[in-house]
Asks: 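A single structure is presented below for examination.
Small disclaimer: the values here were computed from a predicted structure and weren't measured.
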Amino acid sequence: MTFTEWFLFFLLVQVIHFAGTWKLYKKAGRQAWEAAIPVYNAVILMKIINRPWWWVILLFIPIVNLIMFPVIWVETIRSFGRHSTTDTLLAIFTLGFYIYYINYATDVKYIEDRSLKPRTAAGEWISSILFAVIAATIVHTYVMQPFTIPTSSLEKTLLVGDFLFVSKFHYGARLPRTAVAFPMVHDTIPVLGIKSYLTEPQIPYLRLPGFEDIERNDIVVFNWPVDTVNAFQQYGDGKYYYKPIDKKSNYVKRAVGLPGDSLQVSEGKVIVNNEPLQLPGRAKPQFTYYGTTNGQGFNPRYLYEEYDITDGYYHNPNTNQFYINALTEAAYNRIKNHPNVTSIQRYSDSLGAKNRSIFPNDGKLSWNNDHMGPIYIPKEGVTVDLTSESMPFYKRIIETYEGSEMGINNKLSLNGTQVLLNGQPTNSYTFKQNYYWMMGDNRHNSEDSRTWGFVPENHVVGKPVFVWMSWDANAQGFFNKIRWDRVFTTVKGDAPPTSYLPYFLIIVVIIIAFNYFKKRRKNA
């Protein structure tokens, strides 16, 4: 739905509200016309039901309003003496239209100073849970979201098993695109395993102001642009699913290319604007290595503990050949001196070798994971030439990211060598938003922009800022599985992460002691 369509829907809701409540407004000592003025009528209604005015704000927050509307319906009928369970259920299951019956067919009286305390323990529990969910939904959507690292694409900076807080406000919180969804879950309702949202209606893209832009090398959480699977990493059914932007799977990568950059990959190294990419100190790029042994293999536990090899390895005792999926340069310089190693070298796709899975996925370019580009990263407001050669790079942008996902029916095609946009000849295109090039530090074990291309700005979710817990599934013993040195650490920085857990525990002890002695003094 466009902003115009949402505005018309909003006006329709106002008409429905006025028609169903104007008599109740009069019985509450207000004027009938007050039920007809948008927003003002909600403020007056809060006074009638004896609730704070700021509840009106909650009615305009997507997802939260789905919880608030039933609350308002129930509070309205209770303000006119309808407290029974039947009345409550009728108000909810008729989507509030039961209020029409009370407005026109009953002679109810307004209870001016009614008690707001729930009449039963169950009612009090339900009320508490509802507002806990509302508060958590607001924080989850607009402030901070928990996130778990599921893959090793950013290994050594973010580890598998890291539990993060992702800031929504650094880059500006994005309003939910999906208007009707189960709160605080992503695309699937846990346990039930069913879809957690309705694909329609969709709210137009809108992002609140942030206090910083995405910088080069920032680690960014974003919605996987080409996501069509039913749930994250469930690829087995072979079906394709349409997903709204905010319900696509969450990915986390490093922004190595910014809008307007020219980027290429040479021998696995990223080059931006003709300069080698300078990674921050915490980043430890990893590559696949292969070699031969003297006939002896390796102890996996020893490789993990001594060389921090977490992506596994393979050794063929018949040929004495081995390969290690992911190895940092520092670990390589140490393991090459291992007594069992006779040779070891980094794997690299050959220059000119063609990999059809590499963006733009048309099979015409001799690009691969280690050699690709240069490629231009689109910037909002910049116009590029559209030719038969450049069309594969921008086709998805024009048709999907700036087309169907924005409610525009764009179609890009070729007539010989002439590019057609919606059937009309064109030789240029101006981008409507910024795009980014996201890659993992684990260069040979990361599905990233090399595979599926650009990440649109409207897919950006937030910025990981804090590791509050880290769980090492490879470690032995329960307490050893907790990476204590990573608990309560920041994500960004050049120096090794420093845990703030001791300071946190000291503060907790001080607060507990203060409350204890305060209570003891009061009792004395």
Side-chain angles (χ1 to χ4, degrees), residues 1 3 6 9-10 39 42 52 54-72 127-150 163-190 192 194-214 218-225 227 231-232 243-252 405-406 433 455-468 491:
M1 292 176 66
F3 280 112
W6 275 108
F9 175 75
F10 172 73
V39 182
W54 51 262
W55 274 28
V56 176
I57 299 174
L58 301 180
L59 296 175
F60 291 91
I61 300 178
I63 307 303
V64 170
N65 54 15
L66 299 179
I67 303 172
M68 288 303 301
F69 280 125
V71 171
I72 298 299
S127 178
S128 299
I129 291 172
L130 280 176
F131 282 95
V133 170
I134 289 171
T137 301
I138 292 173
V139 172
H140 183 275
T141 305
Y142 299 98
V143 183
M144 201 77 69
Q145 176 182 344
F147 185 81
T148 306
I149 298 298
F163 293 82
L164 309 173
F165 283 133
V166 176
S167 165
K168 299 293 188 69
F169 56 85
H170 273 74
Y171 304 138
R174 183 184 60 182
L175 266 65
R177 299 292 303 272
T178 307
V180 182
F182 198 84
M184 291 191 303
V185 300
H186 195 55
D187 58 354
T188 306
I189 298 177
L192 298 179
I194 60 176
K195 191 170 73 170
S196 64
Y197 60 93
L198 299 181
T199 54
E200 295 292 341
Q202 286 287 297
I203 300 171
Y205 172 66
L206 183 64
R207 187 181 292 275
L208 301 177
F211 62 84
E212 68 177 52
D213 296 324
I214 295 176
D218 273 0
I219 295 176
V220 180
V221 173
F222 57 92
N223 297 115
W224 184 26
D227 184 14
F232 183 57
K243 286 186 175 182
I245 291 173
D246 56 335
K247 294 303 176 182
K248 294 180 179 181
S249 298
N250 289 325
Y251 265 36
V252 58
E405 290 181 344
M406 290 187 175
Q433 63 176 319
V455 175
E457 188 169 47
N458 63 3
H459 283 57
V460 171
V461 174
K463 179 177 183 175
V465 292
F466 196 69
V467 178
W468 61 272
V491 172

Asks: Output the distance between atom CZ (Phe182) and atom CD1 (Ile63), rounded to the nearest 0.5 Å.
Replies: 11.0 Å
Asks: Between Glu212 and Lys463, does any NZ, NE, NH1 or NH2 come within less than 4.0 Å of an OD or OE carboxylate oxygen?
Replies: yes
Asks: Supply the atom-to-atom distance Leu58 CG to Phe69 CZ, rounded to the nearest 0.5 angstrom.
Replies: 11.0 Å
Asks: Any chance CZ of Phe60 has more than 12 other-residue heavy atoms, nucleotides or ligands included, within less than 6.0 Å?
Replies: yes
Asks: Kindly list each side-chain donor-acceptor pair under 3.5 angstrom involving residues 164-171, sequence neighbours excluded, with atom names and distances?
Replies:
unit_1 : atom_1 : unit_2 : atom_2 : d
Ser167 : OG     : Phe169 : N      : 3.3
Ser167 : OG     : His170 : N      : 3.2
Ser167 : OG     : His170 : ND1    : 2.5
Lys168 : NZ     : His140 : O      : 2.9
Lys168 : NZ     : Thr141 : O      : 3.4
Lys168 : NZ     : Gln145 : OE1    : 3.0
Tyr171 : OH     : Asp218 : OD2    : 2.8

Asks: So do the side chains of Pro176 and Tyr142 get within less than 4.5 Å of each other, counting heavy atoms only?
Replies: yes
Asks: Ignoring hydrogens, what is the shortest heavy-atom contact between Asn458 and Arg174? Give both atom names and the distance.
Replies: O-NH1, 2.8 Å
Asks: Sequence neighbours excluded, which residues qualify as side-chain hydrogen bond (donor to acceptor under 3.5 Å, both in side chains) partners of Asp246?
Replies: Thr178
Asks: Taking all non-hydrogen atoms of both residues, which atom of Glu457 and which atom of Arg207 are closest, and how far apart?
Replies: O-NH2, 3.0 Å
Asks: Check whether any side-chain heavy atom of Met68 lies under 4.5 Å from a side-chain heavy atom of Trp55, and answer yes or no.
Replies: yes
Asks: How long is the straight-line distance from CD1 of Ile149 back to CD1 of Ile219, given to the nearest 0.5 Å?
Replies: 8.0 Å
Asks: How many angstroms lie between atom CD of Glu405 and atom CD of Gln433, to the nearest 0.5 angstrom?
Replies: 8.5 Å
Asks: Give a yes-or-no answer on whether the side chains of Arg177 and Asn223 include a donor-acceptor pair shorter than 3.5 Å.
Replies: no
Asks: Considering all heavy atoms of both residues, which atom of Val185 and which atom of Ser196 are nearest to each other, and what is their separation?
Replies: CG2-CB, 3.6 Å
Asks: For Ser249 versus Lys243, what's the shortest heavy-atom pair and its separation?
Replies: OG-NZ, 3.9 Å
Asks: What distance do Ile72 atom CD1 and Asn65 atom CG have between them, rounded to the nearest 0.5 Å?
Replies: 11.0 Å
Asks: Salt bridge (Lys or Arg N to Asp or Glu O under 4.0 Å) with Lys247: which residues, sequence neighbours excluded?
Replies: none
Asks: Run Phe3 and Trp6 through ring pair (Phe, Tyr, Trp, His ring centres under 6.0 Å) and show every step you take.
Replies: CA-CA 5 Å; Phe3 280 112; Trp6 275 108; 9.2 Å; no
Asks: May I ask you to test the Ile61-Ile134 pair for a side-chain heavy-atom distance under 4.5 Å?
Replies: no
Asks: Which heavy atom of Val252 sits nearest a heavy atom of Phe147, and at what distance?
Replies: CG1-CE2, 3.9 Å
Asks: If you compare all heavy atoms of Ile67 against all heavy atoms of Pro183, which two are closest, and at what distance to 0.1 Å?
Replies: CD1-CG, 4.4 Å
Asks: Between Phe222 and Lys248, is there a side-chain heavy-atom distance shorter than 4.5 Å?
Replies: no
